[in-house]
Amino acid sequence: MRSSELFYPTLREVPSEAEVVSHQLLLRAGFIRKASGGVYTYLPLAYKVIKKIENIVREEMDKAGGQEVLMPIMQPAELWQKSGRWEVYGDEMFRLQDRHKRYFALGPTHEEIITTVVDGDVHSYRDLPLLLYQIQNKYRDEIRPRFGLMRGREFIMKDLYSFDIDDQGLDVSYRKMYHAYNQIFTRLGLDYRVVEADSGAIGGDESHEFMVLADNGESEIVYCDNCDYAANVEKAVCTAGEVQQNDELLPLEKIHTPGQRTIQDIADYLKVGKDEQIKTLMYNADGELIAAILRGDRELNEIKLKNALGCNELFMASEDDVRISCGAGFGSLGPVGMDLKIYADLEVAVMKNFTCGANLDDYHYKNVNLGRDFVPEAIIDIRNAVAGDPCPLCEGQLKLLRGIEVGHIFKLGTNYSDAMEATFRDQNGQSCPFVMGCYGIGISRTMAAAVEQNNDENGIIWPIPIAPYHVIVVPVNSKNEEQTRMAESIYQILQQEGLEVIIDDRDERAGVKFKDADLIGIPVRITIGSKALQENKVEVKKRWEKEVELLEIDKVAVRVLEIIRG
RNA sequence: CGGGGCGUGGCGCAGUUUGGGAGCGCGUCUGAUUUGGGAUCAGAAGGUCGCAGGUUCAAAUCCUGUCGCCCCGACCA
């Protein structure tokens with residue numbers, strides 16, 4: 001491809017709307033343009049990358065026994081009403097009406113459709129397992145689209161749905177996908193981790209997320225420095241820690257603490273450590289007010305609390321509600337004498353003589369002890385894991401990383417097939433619901449994640465497997481015929497070797513060409529300049545290294561192939 | 001939806017406080033000189049100041065409404 005003909009409008013300045021580096025670079029390098037919030041056009045370079053990612057995904061899905069289908073984006077409301085998700089999905093689903101006023105959804109996902117199709121034509125256990133997948137646009141009216149392609153309202157996704165006879169079958173399908181996903185992200189050339197995940201609203205008992213590591217990723221993950229354990233912080237198992245054994249229980253003491261509201265306030269005022277206090281958080285769980293207590297320096301994990309309570313809706317209570325039932329405001333709450341259900345974090349059970357609010361404004365208790373001064377409804381794991389926590393599996397310590405969730409695999413079980421009444425006949429002629437799994441990869445997000453992980457101050461550094469082109473040939477001076485001729489010749493040779501090549505044939509100064517080549521992130525650059533050319537040599541430079549190699553012209557193709565093909 | 005901010009040539013911004021000439025840098029076009037890291041000089045084109053009302057002799061500027069965008073929070077691949 002000739003630069004002069006390639007449509008890649010690069011920008012010198014950063015568009016002000018872009019905050020994160022992947023968004024900035026994809027805009028600056030002429031990969032994407034915005035149509036509307038969270039909706040983008042993929043220009044030629046971006047679409048090449050997308051297709052490369054898709055093809056790697058496609059190959060691994062096929063290898064794992066998947067069959068590709070294409071499903072409607074516009075889906076009738078009835079299907080969603082049947083599964084119950086027409087209501088559940090709420091404002092996040094795009095809805096539209098046809099001329100007959102019939103409702104449709106723009107598919108945010110395709111469980112309903114695929115389950116209906118399979119139910120219609122798969123009637124026997126003999127036809128299972130069945131693995132069907134699609135790669136296409138999906139739509140979610142995100143509360144807040146952001147970070148360019150990272151969280152769009154229209155995005156490209158691969159979803160595979162597995163249909164099995166029973167849980168054992170699902171285990172097999174799940175493991176196939178787990179393996180395929182590892183193959184995929186390895187082949188994409190990305191640094192990633194698999195973590196145990198919360199399966200969220202979709203339900204199911206096992207779930208893993210595939211995280212591309214990036215410093216400013218949206219998700220926090222913990223991993224063990226000694227074993228294979230890794231989990232989303234939402235899911236990471238926390239342990240109780242050591243009991244403070246030799247401390248005696250001291251008598252409860254009520255202390256006047258005027259104006260002291262926060263954990264920090266009390267730490268300063270009473271000279272007690274944050275880890276010697278407990279905080280009391282009030283939640284509304286399906287309409288019932290409950291208290292969650294944990295060590296003063298810890299953060300509550302709402303997902304863990306929600307899972308433990310088994311409730312549908314969980315949100316922080318208003319201060320007014322709290323005052324009515326506890327008699328005090330947020331800064332002075334505590335479990336002692338509280339008339340609500342109290343859920344204590346595991347750590348609270350091993351603390352002794354701690355400090356907390358007294359349910360009376362401007363008063364706190366000292367030397368509170370669980371069991372003696374109050375009895376919780378349950379003692380459970382409800383805090384966020386932090387770096388330095390003990391690994392739940394071994395003697396190691398947990399470390400913290402940030403990542404971008406690019407893949408997520410779920411065991412759905414019979415949640416959808418039950419709702420959709422999708423069944424087959426087993427060996428005994430019994431009608432059974434399909435046992436399902438669902439396995440997603442955010443294709444467009446993966447492109448953004450790749451940029452997020454691979455860039456420097458000059459631009460993108462594409463991993464070779466997904467680079468839009470392998471090589472860019474740059475004659476330094478476009479007016480120099482000898483250089484131009486040599487550039488054209490190398491361009492031809494490399495193409496004949498099956499490489500994807502750009503030749504920068506524009507009448508631009510060398511600086512402009514170098515800047516653009518770096519910005520769009522082509523892995524290998526071949527520079528043809530006068531000095532080297534006199535010795536019959538050209539420069540080969542890898543995008544991710546500073547050094548250049550001076551090579552005889554007839555050695556260039558071999559060297560480039562070596563770099564690209566490994 | 002709550003909080004904050006922004007809409008002015010393609011991009012980045014000033015001008016709005018205190019109403020009266022629509023400006024700057026980059027980019028684009030023409031010509032010349034340049035050619036190893038986003039050149040220089042000379043010239044040129046390009047804007048309903050997001051949109052709709054209102055106030056005023058006069059509105060980018062003041063008022064009301066509305067649309068869009070960005071950031072923080074709850075949601076998620």
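Hydrogens, waters and symmetry mates play no part in the numbers below; they use all other heavy atoms, side chains included. So that the names make sense, note that chain A is the first sequence line, chain B the second, and so on, each numbered from 1.
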Side-chain donor/acceptor contact of [X] with base of [N] under 3.5 Å:
X: A/D516; N: B/G38; value: yes
X: A/E13; N: B/G25; value: yes
X: A/E17; N: B/G12; value: no
X: A/R525; N: B/G37; value: yes
X: A/N458; N: B/G37; value: no
X: A/R140; N: B/A77; value: yes

field: Cation-aromatic face contact A/R445/A/F155, 6.0 Å, 45 degrees
entry: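 Pair A/R445/A/F155 does not count as cation-pi.
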
Can you tell me how far [atom2] of [N] sits from [atom1] of [X], to the nearest Å?
X: A/R509; N: B/U34; atom1: CZ; atom2: C1'; value: 6 Å
X: A/I303; N: B/A74; atom1: CD1; atom2: C1'; value: 11 Å
X: A/D507; N: B/U35; atom1: CG; atom2: C1'; value: 9 Å
X: A/E154; N: B/A77; atom1: CD; atom2: P; value: 18 Å
X: A/D141; N: B/A77; atom1: CG; atom2: P; value: 16 Å
X: A/R28; N: B/G38; atom1: CZ; atom2: P; value: 13 Å
X: A/K513; N: B/G36; atom1: NZ; atom2: P; value: 11 Å
X: A/M157; N: B/A77; atom1: CE; atom2: C1'; value: 5 Å

Which whole number of Å gives the distance between the [atom1] atom of [N] and that of [M]?
N: B/G38; M: B/U33; atom1: P; result: 22 Å
N: B/G4; M: B/G65; atom1: P; result: 16 Å
N: B/U28; M: B/G46; atom1: C1'; result: 9 Å
N: B/C11; M: B/C69; atom1: C1'; result: 16 Å
N: B/G25; M: B/A14; atom1: P; result: 16 Å
N: B/U16; M: B/G73; atom1: P; result: 33 Å
N: B/U8; M: B/C70; atom1: P; result: 14 Å
N: B/C72; M: B/U55; atom1: P; result: 41 Å

When you measure from the side chain of [X], which nucleotide among [options] comes out closest?
X: A/S16; options: B/G38, B/C72, B/C13; result: B/C13
X: A/V512; options: B/C13, B/A39, B/A77; result: B/A39
X: A/K515; options: B/G37, B/C75, B/U35; result: B/G37
X: A/V476; options: B/C70, B/G38, B/G36; result: B/G36
X: A/E92; options: B/C75, B/U35, B/C70; result: B/C75
X: A/R151; options: B/C72, B/G36, B/C75; result: B/C75
X: A/I143; options: B/U35, B/C1, B/C72; result: B/C1

Select base, sugar-phosphate, or nothing to describe what [X] touches, counting heavy atoms under 4.0 Å on all strands.
X: A/E142; result: base
X: A/V14; result: sugar-phosphate
X: A/Y89; result: nothing
X: A/S36; result: sugar-phosphate
X: A/K531; result: nothing
X: A/G529; result: base
X: A/G148; result: nothing

Would you say the side chains of [X] and [Y] form a donor-acceptor pair under 3.5 Å?
X: A/S162; Y: A/Y174; answer: no
X: A/E112; Y: A/S83; answer: yes
X: A/E111; Y: A/T109; answer: yes
X: A/Y192; Y: A/Q453; answer: no
X: A/E508; Y: A/S478; answer: no
X: A/Y416; Y: A/R85; answer: yes
X: A/Y133; Y: A/D62; answer: yes

- request: Report yes if the ring of A/F155 lies under 5.5 Å from the six-membered base ring of B/A77 with planes under 30°, and no otherwise.
  value: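 One would call A/F155 stacked on the B/A77 base.
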
message: Which nucleotide, if any, forms a Watson-Crick or G-U wobble pair with B/G47, using both distances under 3.5 Å?
response: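 Its partner is none (no Watson-Crick or G-U wobble pair with both distances under 3.5 Å).
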
task: Write down the partner of B/A39 under the Watson-Crick or G-U wobble criteria, each distance required to be under 3.5 Å.
output: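 Base-paired to B/U33.
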
- prompt: Starting at the 5' end of RNA chain B, which residue's closest nucleotide do you reach first, A/I441 or A/R506?
  reply: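 That would be A/R506.
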
